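These notes concern the structure reproduced below.
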Amino acid sequence: MAKLNSIKPSGKKEEGFFEQVYEVVRQIPRGRVSSYGAIAAVLGTKLSARMVGWAMNGSHMVRPKVPAHRVVNRNGMLTGKHHFSPPEKMEELLKKEGIRVIDDQVQDFKKKFWNPQEEWS
DNA sequence: ACGCTGACTATTA
DNA sequence: CTAATAGCCAGCG
């Protein structure tokens, strides 16, 4: 385990890349899912979707809560489900939203895919 | 200031 | 078809 902290909100306002990601993810409507690459593209870092996922790391403590469970990888796989608490909560939430999740994979992901660029001018 | 890590993505073997 | 590697950007020690 490398660093357990990674992101630490030490009272300082983390204004920047993170808040941007949170905003976009919060725009995701219920019953829809998005991908890191798509969000990254809106932020301008489409070449590095890693930053998006990393930002999500802080989404857990960010207020208001960020629907990170609606964000999956390009394959529709719940790669970040292990970062939830508990991880099974992610697919459970998605299922409740009407999204079919089988084997950590979003069914009809392409159909449920929500493009942030559409809502994000 | 330099280096490392990271919930990804695309390309090459 | 599956597996492995490279590229990417931003924050923290």
Side-chain angles (χ1 to χ4, degrees):
Chain A
M1 65 289 264
K3 285 67 180 295
L4 311 169
N5 45 336
S6 301
I7 176 162
K8 196 218 282 261
S10 39
K12 242 168 109 187
K13 43 162 83 180
E14 299 80 45
E15 54 171 82
F17 180 84
F18 286 63
E19 283 199 356
Q20 294 235 52
V21 178
Y22 304 149
E23 280 184 81
V24 178
V25 175
R26 273 182 283 182
Q27 304 320 299
I28 302 177
R30 178 172 164 289
R32 286 278 206 263
V33 282
S34 188
S35 63
Y36 302 97
I39 298 163
V42 180
L43 301 178
T45 55
K46 61 180 184 204
L47 296 179
S48 303
R50 292 186 176 173
M51 311 286 82
V52 180
W54 184 28
M56 301 262 83
N57 226 315
S59 73
H60 275 262
M61 50 183 158
V62 168
R63 283 88 40 106
K65 196 184 85 178
V66 179
H69 61 273
R70 292 184 190 149
V71 184
V72 295
N73 69 343
R74 243 325 187 190
N75 265 324
M77 193 178 197
L78 312 185
T79 41
K81 74 172 238 156
H82 253 187
H83 289 251
F84 278 77
S85 47
E88 47 247 41
K89 185 70 172 289
M90 187 178 185
E91 41 191 292
E92 194 176 312
L93 281 165
L94 290 170
K95 283 177 182 176
K96 276 169 83 146
E97 306 233 326
I99 298 173
R100 225 177 297 184
V101 181
I102 303 176
D103 195 29
D104 301 345
Q105 274 189 134
V106 178
Q107 305 306 297
D108 305 304
F109 167 70
K110 198 164 102 182
K111 205 183 339 199
K112 312 254 198 215
F113 180 77
W114 175 79
N115 193 333
Q117 260 235 13
E118 284 183 18
E119 299 292 310
W120 204 264
S121 314

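Every chain is numbered from 1 and lettered A, B, ... according to where its sequence line falls, protein lines coming before strand lines. Only a predicted model underlies this, so the values are computations on that prediction, with no experimental measurement involved.
Taking every heavy atom of residues 72-106 of chain A and every atom of DNA chain B, pairs under 4.0 Å involve A/N73, A/R74, A/T79, A/G80, A/H83, A/F84, by number. Using a 4.0 Å cutoff on non-hydrogen atoms, the parts of residues 35-44 of chain A near DNA chain B are A/Y36, A/G37, ordered by number.
Across all their heavy atoms, A/S35 and A/F113 have their closest contact at OG-CE1, 3.3 Å. Shortest non-hydrogen contact noted between A/V33 and A/F109 is CG2-CD1, 3.7 Å. Minimum heavy-atom separation, A/A49 to A/A40: CA-CB, 3.9 Å.
Crowding of A/R26 atom CZ: a count of heavy atoms from other residues, nucleotides or ligands under 6.0 Å exceeding 12.
Atom C1' of nucleotide C/dG11 and atom CE of A/M61 are separated by 12 Å, given to the nearest angstrom. Here C/dC12 presents its P atom at 12 Å from CG of A/N57, a figure rounded to the nearest Å. Per the geometry, CZ belonging to A/F17 stands 11 Å off P belonging to C/dC9, to the nearest Å. Look at CH2 on A/W54: it is 17 Å from P on C/dC8, rounded to the nearest Å.
Taking every side-chain heavy atom of A/F18 into account, C/dA10 is the closest of B/dA7, C/dC8, C/dA10. Minimum atom distance to the side chain of A/S48 is reached by C/dC8, of the listed C/dC8, B/dA7, C/dA10.
Residue-level contact check: A/H60 touches the bases, meaning some heavy atom is under 4.0 Å from a base atom.
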Check: residues 61-75 of chain A side-chain donor-acceptor pairs under 3.5 Å, at least two apart:
| residue | atom | partner | partner atom | Å |
| --- | --- | --- | --- | --- |
| A/R70 | NE | A/E97 | OE1 | 2.9 |
| A/R70 | NH1 | A/I28 | O | 2.8 |
| A/R70 | NH2 | A/E97 | OE1 | 3.3 |
| A/R70 | NH2 | A/E97 | OE2 | 2.9 |
| A/N73 | OD1 | A/N75 | N | 3.3 |
| A/N73 | OD1 | A/G76 | N | 3.0 |
| A/N73 | OD1 | A/M77 | N | 2.5 |

Can I get a per-line list of side-chain donor-acceptor pairs under 3.5 Å for residues 82-90 of chain A, giving both atom names and the distance, sequence neighbours left out?
none

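The gap from the C1' atom of B/dA7 to that of C/dG13 amounts to 22 Å, rounded to the nearest Å.
Side-chain N or O atoms of A/N115 include one that pairs as donor or acceptor with a backbone N or O of A/Q117 at under 3.5 Å.
Applying the salt bridge (charged side-chain N to carboxylate O under 4.0 Å, His left out) rule to pairs touching residues 106-121 of chain A yields nothing, sequence neighbours excluded.
Remark: A/E91 pairs with A/K81 by the side chain to side chain donor-acceptor pair (under 3.5 Å) rule, at least two apart or across chains.
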